[in-house]
> 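Sharing a structure here in structure tokens format.
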Amino acid sequence: MAKEIKNSQETSAQTEVSNFLRQIIDSDCAHATYANRSDSKGNILPSVITRFPPEPNGYLHIGHAKSICLNFGLAKDYAHLTNGARCHMRFDDTNPAKEETEYVDSILDAVSWLGFDWHHNGQEFQFYASDYFDTLFAFAKILISTGKAYVDSQSAEDIQKNRGNFTQVGSPSPFRDREISENLDLFEKMRSGVFKDGEHVLRLKIDMSHPNLVMRDPVIYRIRHAHHHRTGNTWCIYPLYDFTHCISDALENITHSICTLEFENNRPLYEWILNELHQAGALKAPLPHQYEFARLNLTYTLTSKRKLLQLVQENYVDGWDDPRMPTIVGLRRRGYTPESLQLFCDRIGVSKADSWIDMSVLEQALRDDLDPKVERGTAVLSPLKLIIDNFNAELEWCSAPKHPHHEDWGRRDFALTKELWIESDDFMPDPPKGFFRLFPPKDGQPGSRVRLRYGFVVECTGYDIDENGNTIAVRVNYFPDSKSGTPGSADYKVKGNIHWVSVPHAVSAELRIYDRLFTDPHPASGDKDFLTLLNSESKKVLHAFVEPSLAKAMPEQRFQFERHGYFVADRLDYSENKPVFNFAVGLKDQWKK
Ligand code: ATP
Ligand code: MG
């Protein structure tokens, strides 16, 4: 198993090595590799152009966020160059069956929400590989004409079988030496719809005994009578990834084409195709280069669109934006901010070696981002009534800072009354040693004293039970001269400090408490069936009481609920009449062993 990275010290060690891409770009800038280029209209081109090239076949996940932060981030970092730098948004949409406009829209939303955009000097750089279908077709014909591609009429199974394997060289197709004119004719016929799916393919003529299997005459076009989300029924042949990607990069004048490590073996093919087209005069130098980095693997979750789709389609989660999903829409609904995801990506860095990042690193980035910038609030998740027997006033106003380190943000005011809601586990009728919260008098000893946060010190005098013996109310007396912030209040020394909301003022709220989606740190590795490793406790809905000001939150406003953790007003379901908050992350790492 690859190395596992568990905390930010380890991630910073990782970032040390992470600038290998920056070193490459710096060196290209120093050598003017991509300087002095201009586009077909004569405009000077930036010396650094990256791209983010998702396939619109699902919602983006945290792994894509890494690629987005990397590609768009490099363009930002090198914006100071004389001709600037930019990152293109490109949809790699050459597979008609799986791609949909819904996904295109969600991807654009996710990238802009993360804080990036694909405009440069007032121009938009959004592209679709499908825009290049005509050019790709023309380039394929150039390769046929130079004897570098041929139409193969073997079945898919025979092509696979004759490719050989690591120990055995491949055997050439009986169609490998077709005449150029016959190849051109057949390829045109493939395009015009004369053949059925699978009858022919177009292959490059490279080397059937090449040690790298990718180079054994790869297929670059296949027949697919299918509707495409953008080109409709115009095409019935579609180019494959290896052919499309490098050419799209070259057509867009990309300089550094950054992809994940599994494409390392495809790099020679990337170079082969571009060089052949360059030699044939179809493409101008300098050509783009491919560089690989390690994909993000995050524990307790999945980073595969296909598997995430399965969770959605088979209703294991409540949709792509379920707050337990590692999708960008899911993380957003969970309370993650764009800044927290960028911070996470900065911390994990970019390396050339595969590793696993522990989920706690992501959670810590959220905490670190939210702590200084969100207001505090009070929520009682599991309410138990507290009655202050000697409190005879109607109410007493108390107040707390909106943020402990930002006095300038002002204060929240809330009423203290005779009856309060407290957390049921802040009281124990018969506590073990070391329990510092509320417990009743016992064996001649008085009951415990605690401070009601921002209010008074109270002493427990007893508790009420129902006919089944369940505690239904805790009884206390308060000390009128102990109010927080008043002279002498500090003379009361108490070990417990509990939160509360006034019964008549409390607002009921739905709190959705989320936990990790899987119980296993690597739910999809080896031959594990991830569907059997789902955490059955990953979602709980609580009917809680919150302080009145929390009924006036904005959807998507984030808070720290004191003593509990960070919550976000649900962006879809929250309203003043029915406040709904999602649990984002705890105050501390609860999973730490
Ligand atoms: P999936 O396996 O989830 O479908 P993919 O790689 O097929 O992912 P694409 O839409 O092709 O998804 O990916 C767009 C870009 O995001 C690619 O450049 C890809 O390398 C990158 N990417 C995808 N997953 C990760 C990941 N886990 N870590 C880093 N980058 C990723
Ligand atoms: Mg892909």
Side-chain angles (χ1 to χ4, degrees), residues 2 5 14 18 21 50-75 87-95 97-100 102-104 106-108 110-111 114 116 118 127-130 229 240-242 244-246 248-249 252 254 256-267 270 288-312 320 325-331 341-342 344-357 359 361-362 522-525 530:
I5 296 179
Q14 170 108 342
S18 81
L21 288 167
T50 55
R51 84 287 170 267
F52 172 63
E55 190 181 346
N57 62 350
Y59 281 70
L60 298 184
H61 53 62
I62 182 74
H64 296 107
K66 176 174 177 178
S67 175
I68 293 167
C69 288
L70 175 61
N71 282 297
F72 282 96
L74 285 170
C87 177
H88 293 186
M89 178 70 232
R90 183 196 313 145
F91 291 99
D92 213 332
D93 58 346
T94 56
N95 184 355
K98 292 194 283 178
E99 294 155 4
E100 288 173 31
E102 174 198 349
Y103 297 136
V104 169
S106 80
I107 289 170
L108 293 176
V111 176
L114 275 172
F116 299 105
W118 43 92
F127 303 95
Y128 292 83
S130 57
H229 76 122
L240 275 85
Y241 172 88
D242 281 320
T244 311
H245 204 89
C246 56
S248 306
D249 283 345
E252 290 175 23
I254 300 300
H256 301 83
S257 176
I258 303 167
C259 62
T260 40
L261 277 179
E262 66 270 24
F263 291 100
E264 199 167 7
N265 285 337
N266 302 52
R267 188 180 348 125
Y270 183 105
H289 276 277
Q290 174 183 309
Y291 302 93
E292 306 86 24
F293 71 104
R295 64 188 290 122
L296 168 65
N297 298 304
L298 192 61
T299 60
Y300 297 99
T301 191
L302 300 171
T303 43
S304 147
K305 275 185 273 183
R306 186 177 55 76
K307 292 179 182 138
L308 294 173
L309 178 66
Q310 195 178 348
L311 292 177
V312 173
W320 285 104
M325 290 280 274
T327 49
I328 299 192
V329 280
L331 292 164
L341 296 179
Q342 285 181 24
F344 169 71
C345 291
D346 284 350
R347 285 183 177 168
I348 60 173
V350 180
S351 92
K352 279 203 85 81
D354 267 318
S355 63
W356 279 87
I357 304 291
M359 181 61 101
V361 178
L362 178 64
H522 312 107
S525 55
F530 64 95

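Both ligands and their constituent atoms are indexed starting at 1 by order of listing. Since the structure is predicted, the reported quantities are computational estimates derived from the model, not experimental observations. Position 1 is the first residue of the sequence, and the numbers go up from there.
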> By number and element, which atoms of ligand 1 are closer than 4.0 Å to a non-hydrogen atom of Thr260?
20 (O), 29 (C), 30 (N), 31 (C)

> Identify the two heavy atoms, one from Tyr270 and one from His245, that lie closest to each other, and give their separation to 0.1 Å.
CE1-CD2, 4.4 Å

> Are the side chain of Thr260 and the backbone of Phe293 linked by a donor-acceptor contact shorter than 3.5 Å?
no

> Near Phe293, which atoms of ligand 1 are under 4.0 Å from a heavy atom of that residue?
29 (C), 30 (N)

> Indicate yes or no: does an N/O atom of Arg306 lie under 3.5 Å from an N/O atom of ligand 1?
no

> Provide the number and element of each atom of ligand 1 under 4.0 Å from a heavy atom of Lys305.
1 (P), 3 (O), 4 (O), 8 (O), 9 (P), 10 (O), 12 (O)

> Is the closest N or O pair between Gly63 and ligand 1 shorter than 3.5 Å?
yes

> Counting only heavy atoms closer than 4.0 Å, does ligand 1 sit against the backbone of Phe263, its side chain, both, or neither?
neither

> Could you tell me whether the side chains of Glu102 and Tyr59 share a donor-acceptor contact shorter than 3.5 Å?
yes

> Which of the atoms in ligand 1, numbered in the order shown and given with their element, are less than 4.0 Å from a heavy-atom of Ser304?
3 (O)

> What do we get for His61 next to ligand 1 when only non-hydrogen atoms under 4.0 Å count, side chain, backbone, both or neither?
side chain

> Could you tell me which non-hydrogen atom of Asp93 sits nearest to which non-hydrogen atom of Ala129, and how far apart they are?
OD1-N, 3.3 Å

> Between the main-chain N or O of Lys66 and the side-chain N or O of Arg295, is there a donor-acceptor pair closer than 3.5 Å?
no

> Ignoring angles and geometry beyond distance, decide whether Glu55 reaches within less than 3.5 Å of ligand 1 through its nitrogen or oxygen atoms.
yes

> Please say whether Arg51 places an N or O atom under 3.5 Å from an N or O atom belonging to ligand 1.
no

> Charged N to carboxylate O below 4.0 Å: is that the case for Glu252 and Arg51?
no

> One pair to check against side chain to side chain contact (heavy atoms under 4.5 Å, CB included): Gln290 and Glu264. What are the steps and the verdict?
CA-CA 9 Å; Gln290 174 183 309; Glu264 199 167 7; 5.8 Å; no

